**Q** 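Have a look at this one before I ask anything.
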Amino acid sequence: MNKNQTIQIIGAGLCGSLLALRLGQRGFKVEVFEKRPDLRKVDISAGRSINLAFSNRGIKAMNLVGIQHKVEPLCIPMHGRMLHDIEGNTLLSPYSGKENEYINSISRTDLNALLLDEAEALNNVTIHFNHKCTSVDFENNKSHFYKYEDKTEFSKPADVIIGTDGAGSVLRKSYYLGKKFLFSFSQDYLTHGYKELSILPTENGGFKTFKNALHIWGRDSFMLIALPNLDGSFTVTLFLIYEDGEYNFNNLTTPERVTAFFSTYFKDALELMPNLLDDFFKNPTSPLGTVKCSPWHYKGNTLLLGDAAHAIVPFYGQGMNASFEDVTEFDKLLDENFTDWESLFKAFETGRKKDTDAIADLAIDNFHEMKGHVNNAIFREKRNLEMAFEKTFPEAYASKYGLVTFNENIGYREAMLRGRAQDKAILNMLTDGDIETPLKLDNKTWLEHTLKQVQAETEHILEEDRIAKNMHH
């Protein structure tokens, strides 16, 4: 493991470009291969998650490579969810009771371009575009490529090959097809797919609806969301089942049906989207899936990172943040005294997989929450109580959402276990009438007493879970 070794990275998306930048900063020789053209030179077509939610775990990674000050201008803060009901009434539900806790809408292209610029500025990093990896010979440490420009094929060896080539990873496929070791793999699709739409800016480049929020039209079995862009537009995404119910992706085939669907369920959104039909029939409908696999590495030769190792559905706004956190966690291990790559890769997966499994499960839970519960009375009562806890006792309490999104030094698994136990504690106590909520949630003495009750009940639930788990083993 020395600096003269060449590290090959397959895929120059968000994770690959950050990894190249970090390993380059550490002095390794890094060579990156990307199948697409350079997104800084060509316009990447719409339809594939144009903007993303960027939060503390991602910020921690940007601070690691020293570029958060360059990322900040690309961000639009979103302080809460703007909930739109069927009549078009809106309610802003903050993400946190703490002033400085919010998520950011960021353009995938702008952020990726910045990471590529920073990585390429290092003289020990080279990036090749229009190079499609066709397979990886993971036993002999070499990758096979097809060059789009001159339609030729060639192979390239390296000391270590890292696949950051996304949910459809070629390296992972090579593991799976290679049958050289026991490789476990699962891919689960939701019954719902998604389609990107847009709200265009006003004539003078302003925002047609409230800028600093993530807009949600939750309709139980489907939903629409919208995130702001710097140019005044919003990227809108429709999440809808493929084949059930009165309206689904398989039967929304005519302009009349699409218009009827939107005017029934998303009337206020439709008014902002005269371009709806163009977008709807032009942009693809894409599936949503979760990928889990193990091991993430073969000996000390190759490693999967980011979505290639753990693709998740987008409903916790953590896909990019989780991949960036992979780089942060991987980087920590480079400071420890591993004598070979294999033991480092093993340690990385042992420490990391429990967290990526947890965020994958949380993202599916949040899908159901966003579609439905956000409108449910007891759920709202719980949220209001949690906001009051966070606002009044910011050091003592963080909701499950807060633990996952704003507490970057707590792993996803711990955030999930503690967050779920808190949710259970509060919902049980509200249901059983153990919490009599006063009309105003600013009575500090009452809040403190109630918080202590919630904390005690949470610890009780966590302890029960630990006992159950030990008995299970």
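Every value quoted in this text rests on a predicted model; they were computed, and no experiment measured them.
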**Q** Suppose we call two aromatic rings close when their centres sit under 6.0 Å apart. Are Phe393 and Phe389 close by that rule?
**A** no
**Q** Could you pull out all residues at least two apart from Asp331 that satisfy salt bridge (charged side-chain N to carboxylate O under 4.0 Å, His left out)?
**A** Arg22, Arg26
**Q** Indicate whether the side chain of His79 and that of Asn212 have a donor and an acceptor atom separated by less than 3.5 Å.
**A** no
**Q** Looking only at heavy atoms, which two atoms of Asn112 and Ala12 are closest? And how far apart?
**A** ND2-O, 3.2 Å
**Q** Return the minimal non-hydrogen interatomic distance between Glu390 and Tyr397, and the atom names on each side.
**A** CG-O, 3.8 Å
**Q** Is the positively charged end of Lys195 above the ring of Phe280, judged by distance under 6.0 angstrom from the centroid and angle within 45° of the axis?
**A** yes
**Q** I'd like to know whether Glu99 forms a salt bridge (Lys or Arg N to Asp or Glu O under 4.0 Å) with Lys391, so could you lay out the CA-CA distance, the side-chain angles of the two residues, the decisive distance to 0.1 Å, and finally the verdict.
**A** CA-CA 8 Å; Glu99 278 297 287; Lys391 201 182 186 90; 5.0 Å; no
**Q** Please name the pair of heavy atoms, one in Ala322 and one in Arg352, separated by the smallest distance, quoted to 0.1 Å.
**A** O-NH2, 3.0 Å
**Q** To the nearest 0.5 Å, tell me how far Ser323 OG sits from Leu18 CG.
**A** 9.5 Å
**Q** Should we count CZ of Phe181 as having more than 12 external heavy atoms under 6.0 Å?
**A** yes
**Q** Report the C-alpha distance between Lys400 and Asp423 in whole Å, list the side-chain angles of each, state the deciding distance to 0.1 Å, and finish with yes or no for salt bridge (Lys or Arg N to Asp or Glu O under 4.0 Å).
**A** CA-CA 7 Å; Lys400 180 176 74 184; Asp423 285 355; 3.2 Å; yes
**Q** Using the rule side-chain contact (heavy atoms from CB on, under 4.5 Å), only one of Asp365, Thr458, Asp465, Leu462 pairs with Arg420; which is it?
**A** Asp365
**Q** May I ask you to decide if Ala167's main-chain N or O and Arg172's side chain share a donor-acceptor pair within less than 3.5 Å?
**A** yes
**Q** Looking only at heavy atoms, which two atoms of Met82 and Ala213 are closest? And how far apart?
**A** CB-CB, 3.9 Å
**Q** Given Phe222, which of Tyr247, Phe249, Phe261, Tyr194 fulfils the ring-ring contact (aromatic ring centres under 6.0 Å, His included) condition?
**A** Phe261
**Q** Under a 3.5 Å cutoff, is there a donor and acceptor pairing between the side chains of Asn428 and Asp432?
**A** no
**Q** Is the closest side-chain donor-acceptor distance between Lys60 and Asn409 under 3.5 Å?
**A** yes
**Q** For this output row, return yes or no: ring centroids of His310 and Trp296 closer than 6.0 angstrom.
**A** yes
**Q** Please confirm whether the ring centroid of Tyr316 lies under 6.0 Å from the ring centroid of Tyr401.
**A** yes
**Q** Atom OG1 in Thr356, atom CZ in Arg413: separation rounded to 0.5 Å?
**A** 11.5 Å
**Q** Once you round to the nearest 0.5 Å, how far does CG of Asn51 lie from CG of Leu227?
**A** 4.5 Å
**Q** List the atom of Leu447, the atom of Ala388, and the distance in Å for their closest heavy-atom pair.
**A** CD2-CB, 3.8 Å
**Q** Any chance the rings of Phe185 and Tyr175 have centres within less than 6.0 Å?
**A** no
**Q** Only one of Met429, Lys452, Lys424 passes side-chain contact (heavy atoms from CB on, under 4.5 Å) with Glu457; say which it is.
**A** Met429
**Q** Check for a donor-acceptor pair, side chain of Asn407 on one end and backbone N or O of Ile410 on the other, with a separation under 3.5 Å.
**A** no
**Q** Is the His192-Phe367 ring centre distance short of 6.0 angstrom?
**A** yes
**Q** By the definition side chain to side chain donor-acceptor pair (under 3.5 Å), identify the one residue from Asp278, Thr235, Asn275 that meets it with Ser198.
**A** Asn275
**Q** Cut-off 3.5 Å, no hydrogens considered: what does the side-chain donor-acceptor table look like for residues 238-245, sequence neighbours left out?
**A**
residue: Tyr242; atom: OH; partner: Ser286; partner atom: O; Å: 3.3

**Q** Could you tell me which residues satisfy side-chain contact (heavy atoms from CB on, under 4.5 Å) with Glu336, sequence neighbours excluded, listed by chain and number?
**A** Leu333, Phe338
